[in-house]
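To start, the structure under review is shown below, and the notes come after it.
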Amino acid sequence: MFWRLIGLGLVGYLGTKLLSGKSGSRNAAYAEGQPHDFHTDVRDAGPGAMRDRCDGEWTEVDEDLDESFPASDPPGGY
């Protein structure tokens, strides 16, 4: 019984690793050349530092919001 549970756990672990297809070594929102090696790295502000390009126009409000992250204070330029 014990070995069956170990085997089932191993099969489940390997199945999730093979089916996920994600390496987990890269943060999702970071463009190439941005720091992403550690979970506390913070990318530069602006659309050039984002992995996905924005569909609309990048406004000053967008810039203020992006520059304020991850700070807890909201942007003051409104």
Measuring from M1:CE to I6:CD1, what's the distance to the nearest 0.5 Å? 11.5 Å
For V61, is there any backbone N or O sitting under 3.5 Å from a side-chain donor or acceptor partner on D64? no
Working to the nearest 0.5 Å, report the span between OH of Y13 and CG of L18. 10.0 Å
Least distance between heavy atoms, E63 atom then P47 atom: OE1-CD, 4.2 Å
